[in-house]
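Throughout, protein chains are lettered first and strands after them, A, B, ... in sequence-line order, and every chain is numbered starting at 1. None of the values given here were measured: they were computed from a predicted structure.
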Amino acid sequence: MSENKETPARTAGEEEKKSLNFIESIIEEDLKNKKNNGIVYTRFPPEPNGYLHIGHAKSICLNFGLAQRYNGKTNLRFDDTNPAKEEVEYVDSIKEDVNWLGFQWEGEPHFASDYFDQLYEWAVKIIKQGNAYVDDQASDVISSQKGTPTQAGIESPYRNRSIEENLEQFEKMRNGEFAEGEKVLRAKIDMASPNMHMRDPIMYRILHKEHHRTGDKWCIYPMYDFAHGQSDYIEGITHSVCTLEFEIHRPLYEWFLNHVYTEGDIKPRQIEFARLNLSYTIMSKRKLLELVEKNIVNGWDDPRMPTISGLRRRGFTSESIRKFAETIGVAKRDNVIDVALLEHSLRDDLNKKSLRVMAVLNPLKLVITNYPEDQEEFVTIENNPEDESMGTREMPFSREIFIEQDDFMEDAPKKFFRLAPDKEVRLKAAYIIKCEEVIKDSEGNITELRCTYDPDSRSGSGTEASKRKVKGTLHWVSAKHAIDAEVRVYDRLFSDEAPDGHKDKDFKDFLNPESLKILSNCKVEPGLKDAEPESKYQFQRLGYFCVDRRDSKPGNLIFNRTVPLKDSWSKKNK
RNA sequence: UGUCCGAUGGUGUAAUUGGCAACACGUCUGAUUUUGGUUCAGAAGAGUCCAGGUUCGAGCCCUGGUCGGACAGCCA
């Protein structure tokens with residue numbers, strides 16, 4: 001899918017200065033050396049055991065972006081070698097999320113499980129080479145023989161079984177003659193290797209589990225290390241990009257590959273980059289799953305979740321996520337990106353595109369006493385000052401309106417540019433009003449404001465009064481025309497910069513108790529009546545909001561606050 | 001006292017045959033503004049982990065340290 005990136009067509013004389021990230025440098029070097037016939041083929045290989053999150057988005061943009069840049073292709077491959085953790089629900093959500101982000105993989109999605117036959121054959125081949133053996137020991141024994149990072153391991157007593165016996169045992173494993181954990185197939189490498197992953201790593205384990213695609217055909221399943229590189233090889237992947245924690249697996253990746261590789265074939269190369277960390281956010285699938293299972297959030301696509309489906313439901317655009325991924329870059333050092341940068345890409349995109357509308361979240365009734373009771377009129381308002389082509393629209397105005405409670409203060413400080421007793425303010429696109437009287441209930445709560453308006457001050461009328469400068473401009477909505485809506489005001493899920501960075505505390509200790517506030521008697525302008533699910537708006541002076549794609553129904557409008565507008569006023573007055 | 005990897009403003013990322021540290025976010029001014037938004041103009045903020053070395057010249061190269069991360073699942 002197109003990313004709308006201007007092609008970096010470098011015309012002579014006009015040096016395109018775009019610098020390369022380290023992966024692009026590697027690729028250009030490979031291209032220069034005619035490696036793999038000049039082909040660039042990447043893949044995005046999630047395990048279908050959860051929903052994709054913003055960290056995956058970085059990887060998706062990277063892998064697909066690389067292929068786009070170098071006229072290559074990208075596969076979507078599900079790394080489904082562990083039937084205990086994987087589900088079709090996740091497969092479906094992953095496909096949807098990748099597409100929504102704006103990318104289309106080459107051909108049909110691939111599955112590591114498609115290669116189980118081939119992988120089995122290769123395992124047999126490696127046994128025949130004398131480089132793999134069946135170990136009958138229990139898991140804890142094998143583990144204790146592994147040694148430690150600073151201490152060599154010891155060899156299994158089964159390490160030197162004959163090839164024939166290994167072949168026979170492995171076949172029996174496959175035929176289901178053993179229970180789970182009874183035997184494993186191991187590569188015969190080096191129990192004294194300084195790299196733990198090379199100490200006779202397990203290639204196959206017995207799992208009597210139904211697989212979401214192969215059903216009960218198999219009861220032995222390959223481990224990640226034995227499956228991944230070979231899957232890359234089968235698919236003709238040239239650059240296998242993964243995160244840093246696999247760096248130490250690379251010698252093993254290459255070891256397996258070298259034992260099945262045929263000269264002349266494309267040989268995949270593993271390249272590792274630093275995964276994304278975001279401030280105020282957790283990225284671990286395990287922890288995200290915990291939030292879902294404990295109902296701390298409302299599902300994987302809760303708008304507070306960093307999942308792609310959560311961000312989507314929150315009101316993020318895929319463009320803003322792609323832009324974000326491009327902005328943060330790719331490198332090998334650990335990093336923590338400030339969420340403010342994500343929010344910046346979002347606002348930047350939404351600012352250009354979204355329709356400005358009037359919505360009052362916490363309504364305060366305001367009566368314009370000198371406006372005739374039976375009168376109403378339409379005022380004209382621009383749809384987006386950033387984009388004239390979006391035109392204007394008409395909005396009803398009448399004697400009783402609602403304004404935001406925050407826009408009135410009885411004892412206002414000097415810098416308060418909003419409404420206060422005896423002060424003037426402009427109602428956006430309408431008139432200048434002056435506050436004459438404050439009505440309160442018996443408990444002293446302000447229930448209503450009485451104002452007068454200047455009939456000559458109507459916006460756009462051209463009169464002197466219409467050009468008068470007043471300090472503040474308020475958004476409003478006509479009381480009798482406004483429609484009701486529920487607004488879900490979301491804030492960050494965690495109140496701590498690094499919720500999972502505390503040694504002795506659980507990440508759940510840092511949940512922000514105000515991450516969701518439901519406002520149920522909001523008033524929005526009548527034009528929003530038939531707003532489509534997922535449509536995005538700027539609520540004038542408040543922020544960006546979208547119609548909830550799951551819960552909003554005609555007649556029961558529900559908006560999610562995507563992100564507030566930047567606010568230098570409340571920041572100063574904290 | 002292992003192996004692999006990393007180290008540049010508050011945060012990210014650049015600096016591509018070694019040439020006197022750039023961009024973005026954030027922060028702070030000021031201007032414009034019928035959104036306390038946007039836009040515009042400007043400012044502050046690092047001398048590149050440390051110590052040596054090579055060189056006319058080092059963030060880039062060499063040596064030795066320091067600090068941080070990953071690795072001891074029949075997870076991926």
When we call it a touch if two heavy atoms are under 4.0 Å apart, what does [X] touch: a base, just sugar-phosphate, or nothing?
{"X": "A:Ala331", "value": "sugar-phosphate"}
{"X": "A:Thr81", "value": "sugar-phosphate"}
{"X": "A:Pro385", "value": "base"}
{"X": "A:Val336", "value": "sugar-phosphate"}
{"X": "A:Arg199", "value": "nothing"}
{"X": "A:Phe416", "value": "base"}
{"X": "A:Thr148", "value": "base"}
{"X": "A:Glu47", "value": "sugar-phosphate"}
{"X": "A:Glu86", "value": "nothing"}
{"X": "A:Met198", "value": "nothing"}
{"X": "A:Ile202", "value": "base"}
{"X": "A:Tyr204", "value": "nothing"}

Q. In terms of side-chain heavy atoms of A:Glu386, which of B:G37, B:A76, B:U16 is nearest?
A. B:G37

**Q.** Nearest-nucleotide pick for A:Asn335, side chain only, options being B:U34, B:G12, B:C71
**A.** B:G12

Q | Base-paired stems that RNA chain B participates in, counting runs of 3 or more Watson-Crick or G-U pairs under 3.5 Å | A | B:2-7 with B:66-71, B:10-13 with B:22-25, B:27-31 with B:39-43, B:49-53 with B:61-65

Q) With centres under 5.5 Å and planes under 30° as the test, does A:Trp569 stack with B:G36? A) yes

Q | Pair A:Tyr453 + A:Tyr431: ring centers closer than 6.0 Å | A | yes

Span that lies between the [atom1] atom of [M] and that of [N], in whole angstrom:
{"N": "B:A21", "M": "B:C60", "atom1": "P", "result": "14 Å"}
{"N": "B:A24", "M": "B:A14", "atom1": "C1'", "result": "11 Å"}
{"N": "B:U29", "M": "B:G36", "atom1": "C1'", "result": "16 Å"}
{"N": "B:U1", "M": "B:C20", "atom1": "C1'", "result": "41 Å"}
{"N": "B:A76", "M": "B:C71", "atom1": "P", "result": "15 Å"}

Q: Verify the distance criterion only: is there a donor paired with an acceptor across the side chains of A:Gln270 and A:Tyr253 at less than 3.5 Å?
A: no

Q. Thinking salt bridges, do A:Glu404 and A:Arg541 make one under a 4.0 Å N-O criterion?
A. no

(Q) Tell me whether A:Lys183 is salt-bridged to A:Asp135, with the criterion being a basic N under 4.0 Å from an acidic carboxylate O. (A) no

(Q) Name the residue from A:Gln145, A:Arg159, A:Lys146 that meets the side chain to side chain donor-acceptor pair (under 3.5 Å) definition with A:Asp200. (A) A:Arg159

Q. What's the spacing between A:Ile337 CD1 and A:Lys58 NZ if we round to 0.5 Å?
A. 6.5 Å

For [N], does the base pair up with any side-chain atom of [X] as donor and acceptor (N or O, under 3.5 Å, distance only)?
{"X": "A:His249", "N": "B:A70", "value": "no"}
{"X": "A:Arg541", "N": "B:U35", "value": "no"}
{"X": "A:Gln538", "N": "B:U35", "value": "yes"}

Q.
Are the side chains of A:Trp476 and A:Lys428 in contact, using a 4.5 Å heavy-atom criterion?
A. yes

(Q) Counting primed atoms plus P, OP1 and OP2 as sugar-phosphate and everything else as base, spell out the protein contacts along nucleotides 20-27 of chain B at 4.0 Å heavy-atom distance: B, S or - for each nucleotide, 5' to 3'. (A) -----SSS

Q: Assign a letter to each nucleotide of nucleotides 3-8 of chain B from its 5' end: B, base within under 4.0 Å of a protein heavy atom; S, sugar-phosphate only; -, no contact.
A: BSSSSB

**Q.** Worked verdict on A:His502 versus A:Asp496 for side chain to side chain donor-acceptor pair (under 3.5 Å)
**A.** CA-CA 10 Å; A:His502 299 264; A:Asp496 188 86; 2.9 Å; yes

Q.
Could you walk me through whether A:Asp348 and A:Lys353 satisfy the salt bridge (Lys or Arg N to Asp or Glu O under 4.0 Å) test, starting with their C-alpha distance in whole Å, then the side-chain angles of each, then the deciding distance to 0.1 Å, before giving a yes or no?
A. CA-CA 9 Å; A:Asp348 192 47; A:Lys353 299 182 193 167; over 6 Å; no

What protein N or O atoms touch nucleotides 30-33 of chain B N or O atoms at under 3.5 angstrom, if any, and at what distances?
none

Q) Only one of A:Tyr133, A:Tyr224, A:Trp218, A:Phe170 forms a ring-ring contact (aromatic ring centres under 6.0 Å, His included) with A:Tyr204, so which one is it? A) A:Phe170

Q) Considering residues at least two apart in sequence or located in another chain, which fulfil the side-chain hydrogen bond (donor to acceptor under 3.5 Å, both in side chains) criterion with A:Asp456? A) none

Q. What do you reckon, is CZ of A:Arg275 surrounded by more than 12 foreign heavy atoms closer than 6.0 Å?
A. no

Q) For A:Val339, what residues pass the side chain to side chain contact (heavy atoms under 4.5 Å, CB included) criterion, not counting sequence neighbours? A) A:Leu278, A:Ser279, A:Tyr280, A:Thr281, A:Arg492

